[in-house]
> 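Please see the structure below; I have some questions.
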Amino acid sequence: MVDDLLGNILERVVARNPGEPEFHQAITEVLHTLQPLLERRPEYLDQRIVERVCEPDRQVLFRVVWQDDAGRVQVNRGLRVQFNSALGPYKGGLRFHPSVNLGIIKFLGFEQTFKNALTGLGMGGGKGGSDFDPKGRSDAEVMRFCQAFMTELVRHIGPHTDVPAGDIGVGGREIGYLFGQYKRLTNAYDSGVLTGKGVGWGGALGRTEATGFGAVFFLSHLLASRKRTLDGLTATVSGSGNVATYAVAKLEELGARVVAVSDSSGSVHDPAGIDLALLRQVKEVERARISEYAARRSGSTFLRGARPWAIPCDVALPCATQNELDESDARSLIANGCIAVVEGANMPSTAGAIELLRQAGVAFGPAKAANAGGVATSGLEMQQNASRQQWTFDQTVGRLAEIMQRIHDTCETTADEFGRPGDLLLGANIAGFRQVADAMLAHGVV
Ligand code: NDP
Ligand code: 2IT
């Protein structure tokens, strides 16, 4: 009965959002896990909470026009989807990548809503970005693009309304240019309007490291509940951006050997263990391709066009992008004896891959729980801005560690409560949804 109702809702959501496969995928994954909750809480269906959470509060699409270094006029599209504000101001990153479209931003905003609920820090869900491609652009071009983008975005955001941050293609440099333009347009030093700011002007120490660190804290708890530790394990990580870099750093600090990282052109296999200083030099300082790492590091090889999942490992952390770990990748991981997959990226594993990992008994840390450390630390940055304080690195990372432990335990106990021990995907979806749904019920028909 509930199953039929959920099936009908899903069908309607897919029909009214055509051509948005990533959004359909994210909604399908969540709705497929809600049945046991809805059987106990029929008021969610009576009040049409499921339909309501699948419909964004607001979607803003806008033109972004700027001039490149050669004086040519460039036209991009800007987006901000304000998905759900039941728990607080909209909160979520901005993605600058040529693949960005409305369906991708909607999937990210939908996921963000439940992820932010799991942090317990009173944040709603939103996401935005542009099809602008920062690769190969000069700092001056990136600055002019960010200024043009903020010239429209400024109307829609604010410390109590909507608080953007980084995501793919948006890091400290971009947040700086965006903040500068926001300040110029408003004549207000609203520190709390963006997170991921520089530590000298309102940023929180530890925010840069937070998503990668948080994912590894989550992995440690996942292993601990199976009486294992990271010490001595072999890890593979995809991506070599913000999340991947600080996942590598924490994995190595906790005694694991990371033998692979990647970017969209291929993977590096480094059997001796990734040299973190070289990785940061190549990616953060020089903004070069990951093949450059292999060129400078003896004993490592560059596997052009390959994902890292065929390289044997005990634990795997997809930290690049959506749908980067499919069924054939899952088969390779299982065949090589991988014991845990923890998602640093958003929706990196396909539904088929997740099912294969589940059947094989591989421990699984779902994105909306495992990568919540980034946005949680954005919440801590907002707390610091509101109280005009700056905490030490250890204070912030200490809070992050507590939050990740609590998120892990919430997922575990919720899975137990609904008779599916160890199914942290179900635990995360139900725990996040329940919190949003109860707030929406309390707020009435709005
Ligand atoms: P970055 O831009 O810093 O790094 C992205 C990395 O992923 C790069 O190595 C990039 O390679 C690779 N990548 C991007 N797109 C693709 C693609 N289509 N195919 C293969 N590789 C790709 O981004 P982040 O590290 O911030 O984000 C990584 C993931 O983590 C995303 O899914 C993001 O949504 C998620 N996330 C980020 C958080 C944060 O705080 N930053 C918080 C929670 C989740 P290349 O340079 O070749 O494009
Ligand atoms: O996907 C994510 O959680 C992020 N990109 C971070 C969002 C944030 O507001 O810090």
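Atoms within a ligand are numbered from 1 in the order they appear, just like the ligands themselves.
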> Can you pull the side-chain hydrogen bond (donor to acceptor under 3.5 Å, both in side chains) pairs that have at least one residue in residues 311-322, sequence neighbours excluded?
Arg95-Gln322
> Let me see the working for Phe149 and Phe132 under ring pair (Phe, Tyr, Trp, His ring centres under 6.0 Å), right down to the final yes or no.
CA-CA 10 Å; Phe149 182 85; Phe132 170 70; 9.2 Å; no
> So with a 6.0 Å cut-off around CZ of Arg297, is the heavy-atom count from everything else above 12?
yes
> Check whether any side-chain N or O of Asp329 sits under 3.5 Å from a backbone N or O of Asp326 as a donor-acceptor pair, and report yes or no.
yes
> Run through ligand 2 for me and note each protein residue having a heavy atom under 4.0 Å from it, chain first, then residue number.
Lys91, Gly92, Gly93, Gln112, Lys115, Lys127, Ala165, Gly166, Asp167, Arg207, Asn346, Gly374, Val375, Ser378
> When you check ligand 1 against the protein, what N or O pairs turn up below 3.5 Å? List the atom names and distances, or just say none.
from, atom 1, to, atom 2, distance (Å)
ligand 1, 2 (O), Gly169, N, 2.9
ligand 1, 3 (O), Asn242, N, 2.9
ligand 1, 9 (O), Ser240, N, 2.9
ligand 1, 9 (O), Ser240, OG, 3.4
ligand 1, 11 (O), Ser264, N, 3.4
ligand 1, 25 (O), Asn242, N, 3.1
ligand 1, 25 (O), Val243, N, 2.9
ligand 1, 32 (O), Ala320, O, 3.4
ligand 1, 32 (O), Asn346, N, 3.2
ligand 1, 34 (O), Arg95, NH2, 3.0
ligand 1, 34 (O), Asp167, OD1, 2.7
ligand 1, 34 (O), Asp167, OD2, 3.1
ligand 1, 34 (O), Asn346, ND2, 2.8
ligand 1, 40 (O), Arg207, NH1, 3.4
ligand 1, 40 (O), Arg207, NH2, 2.9
ligand 1, 40 (O), Thr211, OG1, 2.8
ligand 1, 46 (O), Arg289, NH1, 3.4
ligand 1, 47 (O), Ser264, N, 2.8
ligand 1, 47 (O), Ser264, OG, 2.4
ligand 1, 47 (O), Arg289, NH1, 3.4
ligand 1, 47 (O), Arg289, NH2, 2.5
ligand 1, 48 (O), Lys135, NZ, 2.9

> Are Phe114 and Asn429 side-chain neighbours, meaning at least one heavy-atom pair lies under 4.5 Å?
no
> Quick one about Asp57 and Gln82 (side-chain donor to acceptor, distance below 3.5 Å, no hydrogens or angles considered), yes or no?
no
> Looking at His156, Arg80, Lys91, which hits side chain to side chain donor-acceptor pair (under 3.5 Å) with Asp162?
Arg80
> Quick one: list whatever passes ring pair (Phe, Tyr, Trp, His ring centres under 6.0 Å) with His24, sequence neighbours left out.
none
> Tell me whether Lys197 contacts the main-chain N or O of Ser191 through its side chain, where contact means a donor paired with an acceptor under 3.5 Å.
yes
